[in-house]
Amino acid sequence: QQLLCGENEVYDYDLIVIGGGSGGLACSKVRASQITLSKPTLPPDLHLSSLGGTCVNVGCIPKKLMHQTALLGTSIQDARKFGWELPEETVKHNWETMKSAVNNYIGSLNWGYRVALRDKNVNYINSYAEFIESHKIKATNKRGKETFHTAAKFILATGERPRYLSIPGDKEYCITSDDLFSLPHCPGKTLVIGASYVALECGGFLAGLGLDVTVMVRSILLRGFDQEMANRAGKHMEEHGVKFLRKYVPVKVEELEAGTPGRLKVTAKSTEGDETIEGEYNTVLIAVGRDACTGKIGLDQAGVKVNPKNGKIPVNDEEQTNVPHIYAIGDILEGKWELTPVAIQAGKLLARRLYAGASLKCDYVNVPTTVFTPLEYGACGLSEEKAMELYGQDNLEVYHSLFWPLEFTVPNRDNNKCYSKIICNKLDNDRVIGFHYLGPNAGEVTQGYGVAMKCGLTKEQLDNTIGIHPTCAEVRLITDQLQSWCSLANAKRPARCWAVSTTPTCGRRALILPSWSLFLTV
Amino acid sequence: MSNLGHTCWLCLLWSHYQHCPIEIEWHGIWFVTGTFDYDLVVIGGGSGGLACSKEAAQLGQKVAVLDYVEPSVKGTKWGIGGTCVNVGCIPKKLMHQAALLGTALKDAQKYGWQIPGPISHDWSTMAEAVQNHVRSLNWGHRVQLQDKEVKYLNVKGSLLDEHTVKGLTRTGKETMLTAKNIVIATGGRPKYPTHIPGAVEHGITSDDIFWLKESPGKTLVVGASYVALECAGFLTGIGLETTVMVRSIPLRGFDQQMAGLVTDYMEAYGTKFSWRSVPKSVDKLSSGVLQVTWTDEQTGKDQRDTFDSVLWAVGRAPETKTLGLEKVGVKLNKESGKILVAADESTSVPNIYAFGDIGEGRPELTPTAIKAGKLLARRLAGRTNELMNYDNVATTVFTPLEYGCVGLSEEEAESRHGKDSIEVYHAFYKPLEFTVAERDASQCYIKVVCKRGGDQRILGLHFTGPNAGEVTQGFAMGFQCGATLTHLKETVGIHPTCAEELTKVNVSKRSGLDATVTGC
């Protein structure tokens, strides 16, 4: 009934998109390019004065650039071994130089988005949006001026913001990933609280810049990801100087001295007993998760159902909420990926379905992703745990291999640390249902495998693809291990550890045993 | 086939106890065994030969592999493992990495790393590190052969008859080996333009460059093959003045638009190109430098410059002359000197096989040779009848801006399917890492050649940019699974990477729209 009367009314806009992040921008742009009518995009939050959302401003982009900075630090070390003559003294890093360079780039992206929206004839309003009726929103700008807008359809794409801990001192003295990338001063000795990918990525690059970094972990690393891979990524960080405080939760943060950076005292208690510990840090970064920005946008007024536990919005497979003319995409969706490209894909496809007569829905299965820890971790499809749960241990075959990238051999680092595995479903023609890669350039490596899995890659097809030599990406292709062979031949560690690298939690594994492991164990 | 496999095992077992010739009939087929020293003798200890011999040994065959490195004209020699390990992929990629690290050192300063003072590169440190790694691989190969019970002979092999191989040691000692099957995998070696005065005397090739103890200094690279461009690329990257002399086109056989981007990038980053030029002579001056005279074919005039080194990279040729092939009736392609082979790698003599770079019309790539060698070994052991599929082999050229591709070039797709039946999607993109580093990304480009209409099956995929090898591999696998443009576009990108740009292509060349990627 509401829908019927909605169609008879005349609205200001066809579509209002709330949220100027990757997803929101993608659907407003596509929409415009399809039938070129104007409609506004409203950023959800006054704090986010720049267009582009989390990814561009306080997520993927600055994160990857700072990760790259850390990688370049390793390159400087490697370079000496490759014949580059650098002054003897250790090379120092300057936080301000990096921060300005990164922020300048982000500024140029923000500007680019403004221009793009204007070109696509999208009306952009930099205000905080709140539903007051199911077809009407109130927009409040920075100066408190209110305007009202109506639309036939709405897309919610307000995303998430980092969660605080609700302990004494957290909001006063701690920072989150929203602050880290534009921090005017070097964070110094840092405590990272949490073991999400945000925590490990930030901890990883800070350590890579030469800072003293400790990561406080309540339970496990990278929840939701394959745990064997997560632990290997964590172990690598540990071996490169990141300290891990496991099974502790912070109880309070006190300021010892103000400054840039100041000094903070953190008290934490064990999750397994009454033991408490104290530590002194210059910066405390909280990365314990993110909360959906759905609480203060008047969803109750519009009648949109929200999961009260996590603030997320349940949608059907067409991103439609329980209110038919209100859709939602991106991080605020319940049970969906919190990834920029997923939001973009969903946004584009949604706009095309709504306005261009398309029917293609966003496929949330086999989404490839990469965690930019110091040793990068790329994955597509199921984790081993999830695969076992879905198909049973006996119906899986797991192929895996440790490898040593050729580029690591000359600097003689991280021998036998890179690892990859594929999980095949024996019930379905040995189809690859999980792909995991821990090594350099994981993002670049994993992307193509994502396409292959989209095409229904089987183990046989994988075996039939010829490798590109010498790359890391070829490693999985090889059953007799050319790559491992070429790069592992002078492994100093006995390779037996490799052969027994199956963890107790793992299912059946077909060890791809290269012959070198035999001679090395002799 | 399973019957056949069964027979072979019986034969093997039988001959093992009998130590004498024995003939067994199985389903009307006569099998002769036990008459030879070996089931299989492989001539050539490169990637292909080693893979084939190890696989055969693992399947229970008695195998010998003959490896002998004829020193280069300059006297460079190396150990077991063939071109890839010693004078190809491995040292090449490591020196390419050295050059990339040079760029990284420059980038690092933009990212806030404070490197005091000037940076210079020391050739001998790099060369020694690379050579040590190669030696460790040589050692590994030896141990691996021993481990798999493959008899290794450091002798130069040649055919006496279809079952007998003569091995000649460096000191001139002869060994005779008989084998049921013989596999030739001796590969190729760089060519010299013998008609150019001074070329052989004063020039080096890719067989020498990786083993030089001293820096080659100011270098002229003659040729525009991938070997030429890769070598010129890393020499420039480590700070040497380098010129590439090109007679006609760069990267023949590769997509020419992509080849153009590769050379444009090299030119932008300091490699000099002498286009449409043909060298005439090389003279050594009293100062020790090499004076090269060449003809500029555009002007018809002769030009002259001096160099410290001249590297010939004008192609590779198989070493078939000393193998005694004609004598036993193995047919060659007269022009290329390569061995004519059937789909099962067999030559004109039924029990003699050839594969790898020496096979006529085969791609000259290590992973292809390895795969072909293994499959051959499995077929010879009666374990399979699967043939090597030489189509759609992905490859990457490790030039300063790497170029990876799989499938057809745009030209090839046009000529096979017609211009109207293909749709070419493309995009110019900027790798995130280039932004802060303030590097020019004009040549970072992707191109997806599809069949026009229907589900737009992908015919060719091309990528220039950092880590092209890593990017291309997975896409090659998608290619193997029959990927279409829809598959590509339905795959969610990994953000922020270069590879994700391939999942976002939507501008076709036909549309004439601007293909520059903006935003993220």
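In what follows, chains carry the letters A, B, and so on, assigned in the order in which the sequence lines appear, proteins first and then strands, with residues in each chain numbered from 1.
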#### Entry: chain A contact via B:P118 - which portion, at a heavy-atom distance below 4.5 Å
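For B:P118, the contact with chain A is made by the backbone alone.
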### Task
Could you tell me which residues satisfy side-chain contact (heavy atoms from CB on, under 4.5 Å) with B:E386, sequence neighbours excluded, listed by chain and number?
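Counting only residues at least two positions away or on another chain, B:E386 forms a side-chain contact (heavy atoms from CB on, under 4.5 Å) with A:N464, B:L375, B:T384.
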What's the separation between atom [atom1] in [X] and atom [atom2] in [Y], rounded to the nearest 0.5 Å?
| X | Y | atom1 | atom2 | value |
| --- | --- | --- | --- | --- |
| A:F82 | B:I238 | CZ | CD1 | 12.0 Å |
| A:Q447 | B:T472 | CD | OG1 | 12.5 Å |
| B:K93 | A:H469 | NZ | NE2 | 9.0 Å |

#### Entry: A:H93 versus B:Q114, closest heavy-atom pair with distance
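Taking A:H93 first and B:Q114 second, the nearest heavy atoms are C-OE1, 4.4 Å.
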### Message
Using every non-hydrogen atom in the two residues, find where A:A101 and B:V436 come nearest and quote the distance to one decimal.
### Response
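That would be CB-CG1, 3.7 Å.
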Are the side chains of [X] and [Y] in touch, meaning some heavy atoms are under 4.5 Å apart?
| X | Y | result |
| --- | --- | --- |
| B:V492 | A:D363 | no |
| A:P368 | B:T491 | yes |
| A:L406 | B:Q97 | no |
| A:I61 | B:H495 | yes |
| A:T471 | B:F398 | yes |

Please state whether the side chain, the backbone, both or neither of [X] comes within less than 4.5 Å of a heavy atom of chain B.
| X | result |
| --- | --- |
| A:Q461 | both |
| A:T69 | both |
| A:L71 | neither |
| A:K92 | both |
| A:L457 | both |

### Query
More than 12 foreign heavy atoms under 6.0 Å from CD of A:E460: is that the case here?
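Counting neighbours around CD of A:E460, 12 or fewer heavy atoms of other residues, nucleotides or ligands fall under 6.0 Å, so no.
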